[in-house]
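Letters A, B, ... mirror the listed sequences (proteins, then strands); counts begin at 1. Worth saying up front: this structure is predicted, and the values here are computed from it rather than measured. Heavy atoms only: backbone and side chains are in, while hydrogens, waters and symmetry mates are out.
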Amino acid sequence: MPIEQAARYAAEDADVTMHLHRTLYPRIAAHEALERIYREIEIPVSVVLQRMERNGVLIDAAALVRQSDELGRKMLDFERRAVEAAGQPFNLNSPKQLGEILFGRLGLPVVRKTASGAPSTDEEVLAKLAEDYPLPRIVLEWRALAKLKSTYTDKLPKMVDPRSGRVHTSYSQAVAVTGRLASSDPNLQNIPVRTPEGRRIREAFVAPPGSSIVSADYSQIELRIMAHISGDESLLRAFEQGLDVHRATASEIFGIAPADVSAEQRRYAKVINFGLIYGMSAYGLAANLGIERDAAKNYIERYFARYPGVARYMDETRALARSQGYVETVFGRRLWLSEINSPNGPRRSAAERAAINAPMQGTAADLIKMAMIAVQRWLDERRMASKLIMQVHDELVLEVPRAELDEVRSELPRLMTGVASLSVPLEVECGVGANWEQAH
DNA sequence: AGGTTAAGCGCG
DNA sequence: AAAGCGCGCTTAACCT
C-alpha cells in the first residue's frame, strides 16, 4: 500500500475514533459507576491487553506437528472402520452425507432434527444411537480427533509469528455483552483441557529455558458472586467456612450429612449449581442428568427451599430486568436486554436467562480485569521480567523467570484475591510448570 | 474466487 | 415454541 494511502486510512481511523468518543463518552460520564468502570478498568486494562498480545506465547510447534501426524493416523483407522460399517465411502465431516448414511441407507431412527429440519447428527444424538449401532460410535471417536487436529494441532504451528517465534492472539475488549474478553486469531481461550488427548495440546504451551509457566485461577468465582449478590445465608456460610460447595449443596438437597454424600450425589449438586448460574430449567436439568423431568423439578424445588436467597435473587433479577431493561454487575456495568419484554415467549425467556447470568459472568469479568491491572502494575513497579501472557476468563497465565518464581507464586494469589472485598472470600489456585498443562 | 450460513464443538 | 449463559473456529454447502 502506498504511504499516502496508508496515512489517509490512519487519519480517518483517528478521526472516526474521536467522533465516537465525543458522542459516546458523555453518555458514559452521565453515570458515575459507568464512568468509573471506563476510567478505572477499561482504559487501564486496554494497555495490559496490548502488552499481553505483544508478549505472545511460546509454542512447541514441533510437538504439535507430531501430534497432528498421530491424530491423522488414528483418524485413518476410524475412517476405514466407518466406511466398512456404512458399506460405502463418504465424507465423515459432512453432517449431510452422514445423515444420508445413518438415516437413509442404514435406516437408523431420527432422534431429533436441526433448526432447518435435517436429521441431527450432533454428539448427543450419536451417543444415543451408539447404544444400539456401531457406526455412530466410530464417527464420535473420529470427530473428537478431527476437532483437535483441524482446530489446534494443525493450526497453531502455522500461527507462530516468525519475527518473535511466538503466537500472538488478539483480545477483543468490546465484543462480549457481559464484559468478558474474547480471544481470536488464534483463540487461546478454548484450548482443550477436558480429555487426555486434548491436554497434550496444552503441553505444547511452554516456557522458554530458565522460565516457568505460572497459572492462577479463581476458584468457583461465579458461585461466590452469586452468594455475594443474593446474600443467601447458607451459600455465604458454605464459602466462609471454606467448604466443598458442591458437597454442601448435595448435603442440603438430599438432607444428609456432608460426609455421607456419594460421588453421584455430589455430581448432581454440581450440575445444579452450574445450571442455576445459567438459568437452567427442569427440562434442561433432566436432560443433563438423564433423569425424569419430575425428578429434576423436585431437585430444583429442594434447592430453592434450602437456598431461599438464591430464589429471591432470581425473581428480583427478572423483575428488575423487565422494569429497567438492563441488569448490572456488582460494579455497575450494564447489560441491556432488548427482548426482555418481547411478546415472543421463547425470546423473552432467553432474555431472562441472560439477565440471571450476566451479573455473575460480568462481575467475574470485572474482577479479573482489575486483577490484570493490579498484577501488571506490580510487575512494573518491581521492574520484574515476568510477563502476563494469557487470560482465560477466570485464569491468568504468566511466564516467570526462575529468579522471580518464589515472589510471583506468593504475591500473584494475594493480588488476585485482593482486588475487591465481597461478602465471601475470593480464592485463587496457583500452579507452576514447564508448560501450561503442568502448571495445573 | 470469495462471502455467508448451518452444523458442530472447543473453552470458561 | 423452546428448553443453559458467554464466546470463536472449522468444514461443508450454498450463494453471488
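Taking side-chain N and O atoms only, Ser183(A) has no distance below 4.0 Å to OP1 or OP2 of dG8(C). Distances shown here put every side-chain N or O of Arg347(A) at or beyond 4.0 Å from the OP1 or OP2 atom of dA2(C). Phosphate proximity of dA2(C) to Ser349(A): absent, as no side-chain N or O sits under 4.0 Å from OP1 or OP2. Considering only side-chain N and O atoms, Lys96(A) lies nowhere under 4.0 angstrom from the phosphate OP1 or OP2 of dT11(C). Regarding contacts with the backbone of dC9(C), every side-chain N or O of Ser150(A) stays at 4.0 angstrom or more from both OP1 and OP2. Side-chain nitrogen and oxygen atoms of Gln189(A) include none within less than 4.0 Å of the OP1 or OP2 phosphate oxygen of dG6(C). Residue Thr151(A) places none of its side-chain N or O atoms closer than 4.0 Å to OP1 or OP2 of dG8(C). The side chain of Asn91(A) contributes an N or O atom lying less than 4.0 Å from OP1 or OP2 of dA12(C). Neither OP1 nor OP2 of dC9(C) sits under 4.0 Å from any side-chain N or O of Lys155(A). Phosphate contact (OP1/OP2 of dG8(B), side-chain N/O of Ser120(A), threshold under 4.0 Å): present.
Arg180(A) and Glu222(A) are joined by a salt bridge, as a carboxylate oxygen and a charged side-chain nitrogen come within less than 4.0 angstrom of each other.
Atom CG in Leu126(A) sits about 7 Å away from atom P in dC9(B), given to the nearest Å. Per the geometry, CD belonging to Glu395(A) stands 19 Å off P belonging to dG10(B), to the nearest Å. Regarding Met390(A), its CE atom lies at a distance of 15 Å from the C1' atom of dG10(B), rounded to whole Å. Distance Tyr283(A) OH to dA2(C) P: 10 Å, rounded to the nearest Å. When the P atom of dC5(C) is taken as reference, atom CG of Asp394(A) falls 19 Å away, rounded to whole Å. If you take CZ of Arg333(A) and C1' of dG6(C), they are 13 Å apart, rounded to a whole angstrom. In this structure, CG of Leu145(A) is placed 14 Å from C1' of dG10(B), rounded to the nearest angstrom. Between Gln391(A) atom CD and dC7(C) atom C1' the separation is 12 Å, expressed in whole Å.
Nearest to the side chain of Arg180(A), among dC9(C), dG12(B), dA12(C), sits dG12(B). Checked against dC7(C), dG12(B), dG10(B), the side chain of Glu123(A) finds its nearest nucleotide in dG10(B). Minimum atom distance to the side chain of Ser94(A) is reached by dA12(C), of the listed dG8(B), dA12(C), dC7(C). Comparing atom distances between the Asp185(A) side chain and each of dC9(C), dG8(B), dG10(B) picks out dC9(C) as nearest. The side chain of Asp122(A) lies closest to dG8(B), out of dA12(C), dG12(B), dG8(B). Counting only heavy atoms from C-beta on, Asn187(A) has its side chain closest to dC9(C) among dA7(B), dC9(C), dA13(C).
From Met226(A), atom CE reaches atom CD1 of Ile221(A) across 14.0 Å, with rounding to the nearest 0.5 Å.
Counting heavy atoms of neighbouring residues, nucleotides and ligands inside a 6.0 Å radius, atom CD of Glu84(A) does not exceed 12 of them. Counting non-hydrogen atoms of other residues, nucleotides and ligands closer than 6.0 Å to CZ of Arg347(A) gives a total of 12 or fewer. For CD of Glu124(A), the number of neighbouring non-hydrogen atoms (other residues, nucleotides, ligands) closer than 6.0 Å is 12 at most.
Side-chain N/O atoms of Arg194(A) and base N/O atoms of dG10(B) include no donor-acceptor pair closer than 3.5 Å. One cannot find a donor-acceptor pair under 3.5 Å joining the base of dG6(C) and the side-chain atoms of Arg353(A).
Contacts with DNA chain C (heavy atom under 4.0 Å) in residues 357-376 of chain A: Asn357(A), Gln361(A), listed by number.
Comparing dA7(B) with dA3(C), their P atoms sit 14 Å apart, to the nearest whole Å.
Each of Val48(A), Val47(A), Val419(A), Leu415(A) was compared with Met372(A) under the side-chain contact (heavy atoms from CB on, under 4.5 Å) criterion, and only Val48(A) meets it.
A distance-only check finds a donor-acceptor pair linking the side chain of Gln324(A) to the backbone of Tyr326(A) [under 3.5 Å].
For dC11(B), the paired base is dG6(C) (Watson-Crick or G-U wobble, both distances below 3.5 Å).
Comparing Ala354(A) and Gly345(A) by the nucleotide of DNA chain C that holds the closest heavy atom to each, the one mapping nearer the 5' end is Gly345(A).
Checking Gln391(A) against Gln189(A) by side-chain atom types alone, a donor-acceptor pair falls below 3.5 Å.
Within the 6.0 Å centre-distance limit, the rings of Tyr299(A) and Phe254(A) are counted as a close aromatic pair.
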